[in-house]
Amino acid sequence: MPRPKIFYQCQSCGYSSPKWLGKCPDCGAWNSFVEEKNITKLRKAETATPVILSEISSSTGIRYSTEIKEFDRALGGGVVPGSIVLIGGDPGIGKSTLLLQAIRGLTKLGKTLYVSGEESPEQIKLRADRLTFKSSNVVLLPETLLEGIISVAEEIEPNAVVVDSIQTTFSSDLLSAPGSVSQIRECATKLMFFAKKHHIPIFIIGHVTKEGAIAGPRVLEHIVDTVLYFEGDKGGPFRILRAVKNRFGSTNEIGVFEMSESGLKEVENPSELFLSERPLNVPGSVVTASLEGTRPLLVELQALTSTSGFGLPRRTALGVDYQRVNLLVAVLEKRIGMHLGSMDVFVNVVGGLRIDEPSVDMAVVTAIASSFKNMAVEPNTFVFGEVGLSGEIRAISQAEVRIKEAMKLGFKRGVIPAGNANNIKGLNIEIIGAKNVHEALEILFF
Ligand code: TYD
Ligand code: MG
């Protein structure tokens, strides 16, 4: 047996070095180097056969449905055979539950293999009972050795495989511990070859680190075809499945679920849900129409301003970008003359949702102003628009889709960018265009 070669590898990006380093020269992570031992094995060369482009049968468009609409939507319209889908999320958020429900639809096409390195078949059975899921087409395999998983999969020829989780799976070709970057990379690569060779989808569950990224993030995200994050507030019932990378569909597509006593339920009209407990006529609360992928979503944004007890006021942003909130606070100070310099400002998107598009600016500005002035926004009014540094409100994309969603939920008035308002015609709703923040706040509060 060759002597194992010892080297040190960054657990965040996979950079390797013959010496231990305090800071990774590649990704800049501190204290991320771990000793790894590898035996370099000579691999049997497997050469691929070249094919002529025009002779390849077109398999685009073939997708399997999981029969969960929200899951199919996040995947870009169903799962593509031969692809690898990575699902990441906090422990206990419901990843195992989601995938057990997802393979339910796939069992109609044949056998599926559920590999669990974390739970015994009895534990999985208990979960399946809660989901009232019985099928002779699901094969459970409590295994962590990758070669074992592959040989079972080769034997039973499933039409989909779930590996729960990639951090507990290890390959006997490497000496490093399960969960290390080299093991994760090796296992994911081998699973990818298996998926492509047998033309079946493989779902991999990945744990996330304290910082909220999938452990071994860069290496894993490069290898797989699709990366989905399952997010939400563990205390609350809502869960959001968000695509962050998708070779077969658009990113930013989301699926919305509610965790119930008997598993995850799809939420077909999330706008209604996110607004269901909205307090009416309360200062600091405003509704905005954001766009998640192709889907308009109405959400409530809340802000609270209070006199700061410390010299340095606090700014907190949940669900919106922190830097963006700082910028908008500065716009309110400088352009509107609101004295927020001695105030703590808290901003929160209700329901554990995250909004990353600039159209949310107007909602942030309105909610902060509403709390600061202690004046409520009229409850049937919604706002959206991007705010620039000189306080101007800029037009955004797909205004009409957003307005129609608001109309569906009974909103009567929208305060939107003037640039968008000029193009909206023939809708049975009051639309007011505002050129700058000053104008918008005049309309909303006087
Ligand atoms: P699980 O799928 O085990 O999470 P993960 O794989 O991400 O660690 O789900 C864990 C939580 O979901 C657990 O706290 C119990 C809850 N749960 C329900 O509320 N209802 C259900 O029907 C099921 C199966 C789980
Ligand atoms: Mg689990």
Side-chain angles (χ1 to χ4, degrees), residues 66-71 74-75 84-107 112-135 138-144 146 149 160-170 178-179 183-184 187-188 191 201-217 220-221 224 226-244 254-267 273 351-352 354:
T66 60
E67 297 192 355
I68 304 177
K69 262 194 254 145
E70 296 293 306
F71 195 83
L75 288 168
I84 292 236
V85 181
L86 172 67
I87 291 163
D90 287 332
I93 200 80
K95 300 179 297 295
S96 305
T97 309
L98 178 71
L99 283 175
L100 198 57
Q101 287 185 243
I103 57 170
R104 187 183 210 153
L106 298 173
T107 52
T112 55
L113 177 64
Y114 192 104
V115 183
S116 180
E118 307 199 332
E119 290 163 307
S120 66
E122 290 73 24
Q123 281 172 307
I124 300 171
K125 169 83 171 83
L126 281 179
R127 181 177 299 122
D129 286 346
R130 280 181 87 169
L131 308 173
T132 60
F133 175 29
K134 279 197 199 94
S135 170
V138 181
V139 182
L140 299 179
L141 177 69
E143 177 64 272
T144 50
L146 186 79
I149 297 171
V161 178
V162 176
V163 178
D164 187 1
S165 65
I166 191 75
Q167 277 88 4
T168 54
T169 309
F170 70 101
Q183 280 288 5
I184 289 181
C187 293
L191 288 169
I202 297 188
F203 297 93
I204 307 181
I205 293 181
H207 289 295
V208 293
T209 57
K210 277 200 291 291
E211 291 80 36
I214 294 173
L220 255 185
E221 292 189 2
V224 302
T226 304
V227 181
L228 304 176
Y229 271 90
F230 202 39
E231 334 170 307
D233 180 9
K234 240 182 284 170
F238 309 134
R239 301 284 185 272
I240 290 153
L241 186 65
R242 183 189 297 277
V244 292
I254 63 163
V256 185
F257 297 89
E258 194 176 350
M259 182 61 100
S260 75
E261 269 310 294
S262 52
L264 292 156
K265 300 266 179 297
E266 297 178 62
V267 175
L273 179 102
R354 230 203 114 70

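Atoms within a ligand are numbered from 1 in the order they appear, just like the ligands themselves. Values reported hereafter were calculated over all heavy atoms of this structure, with side chains retained and with hydrogens, waters and symmetry mates removed.
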Please report the interatomic distance [atom1]([X]) to [atom2]([Y]), rounded to the nearest 0.5 Å.
X    : Y    : atom1 : atom2 : answer
L126 : E119 : CG    : CD    : 9.5 Å
I166 : I204 : CD1   : CD1   : 4.5 Å
I93  : L98  : CD1   : CG    : 11.0 Å

Do the side chain of K95 and the main chain of D90 share a donor and acceptor less than 3.5 angstrom apart? yes
Do E266 and F257 make a side-chain contact, defined as non-hydrogen atoms from C-beta onward lying under 4.5 Å apart? yes
Is there a side-chain contact between T97 and F230 in this structure, where contact means two heavy atoms from C-beta onward sitting under 4.5 Å apart? no
According to the interplanar angle, ranging from 0 to 90°, do the rings of F203 and F71 count as parallel (below 30°), tilted (30 to 60°) or perpendicular (above 60°)? tilted
Could you walk me through whether E231 and R242 pass the salt bridge (charged side-chain N to carboxylate O under 4.0 Å, His left out) test, one step at a time? CA-CA 8 Å; E231 334 170 307; R242 183 189 297 277; 3.3 Å; yes
Protein residues that have a heavy atom under 4.0 Å from any atom of ligand 1, sorted by chain and number: D90, P91, G92, I93, G94, K95, S96, T97, R127, R130, M259, S260, E261, S262, G263
Apply side chain to side chain contact (heavy atoms under 4.5 Å, CB included) to residues Q101 and F133 and explain how you reach the verdict. CA-CA 8 Å; Q101 287 185 243; F133 175 29; over 6 Å; no
What count do you get for protein N/O/S atoms less than 2.8 Å from the Mg ion (ligand 2)? 1
